[in-house]
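Heavy atoms only: backbone and side chains are in, while hydrogens, waters and symmetry mates are out.
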Amino acid sequence: MYGTYLRLNVPVWATNREVIKAARGKIQKKCRRAAKYREGRKLYYRSMLDYHAKARALFRTYRL
């Protein structure tokens, strides 16, 4: 999943909303609203936000 996060091409200073928008763009159209994929989408979005939070923390660590 980390490779998927990297392919979102979002900068470290992007907001969580921007990450979700970019992640949503990578999902096939038929899967964006289908109820049977809801749990999978939640897991996908949460993992993208988790990787983004880790990238931000790493950035703050090396920025000093």
Discussion item. Between Asp50 and Arg46, does any side-chain N to carboxylate O distance fall below 4.0 Å?
Written reply: no
Just list the side-chain donor-acceptor pairs under 3.5 Å for residues 32-42, sequence neighbours left out, or say none.
{"residue": "Arg32", "atom": "NE", "partner": "Arg24", "partner atom": "O", "Å": "3.3"}
{"residue": "Arg32", "atom": "NE", "partner": "Ile27", "partner atom": "O", "Å": "3.1"}
{"residue": "Arg32", "atom": "NH2", "partner": "Ile27", "partner atom": "O", "Å": "3.2"}
{"residue": "Arg41", "atom": "NE", "partner": "Arg32", "partner atom": "O", "Å": "3.4"}
{"residue": "Arg41", "atom": "NH1", "partner": "Cys31", "partner atom": "O", "Å": "2.8"}
{"residue": "Arg41", "atom": "NH1", "partner": "Ala34", "partner atom": "O", "Å": "2.8"}

Worksheet item: What pairs with Tyr45 under ring-ring contact (aromatic ring centres under 6.0 Å, His included), at least two apart in sequence or on another chain?
Response: none
Response to the item:
For Met1 and Met48, the nearest pair of non-hydrogen atoms, with its separation, is O-CE, 3.5 Å
Fill in: With Ala14 via side chain to side chain contact (heavy atoms under 4.5 Å, CB included) - residues at least two apart
Val10, Pro11, Glu18, His52
Worksheet item: Under a single-linkage definition using a 4.5 Å side-chain heavy-atom cutoff for Ile, Leu, Val, Met, Phe, Trp and Tyr, are Leu43 and Val19 assigned to the same hydrophobic cluster?
Response: no
Fill in: Set of ring-ring contact (aromatic ring centres under 6.0 Å, His included) partners for Tyr51, sequence neighbours left out
Tyr2
Discussion item. Show every salt bridge (charged side-chain N to carboxylate O under 4.0 Å, His left out) that has at least one partner inside residues 1-13, sequence neighbours left out.
Written reply: none
Discussion item. Membership question, hydrophobic clusters at under 4.5 Å side-chain separation (ILVMFWY): are Leu49 and Leu58 in the same one?
Written reply: no
Practice prompt. Check salt bridge (charged side-chain N to carboxylate O under 4.0 Å, His left out) between Lys26 and all other residues, then give those that pass, not counting sequence neighbours.
Written response: none
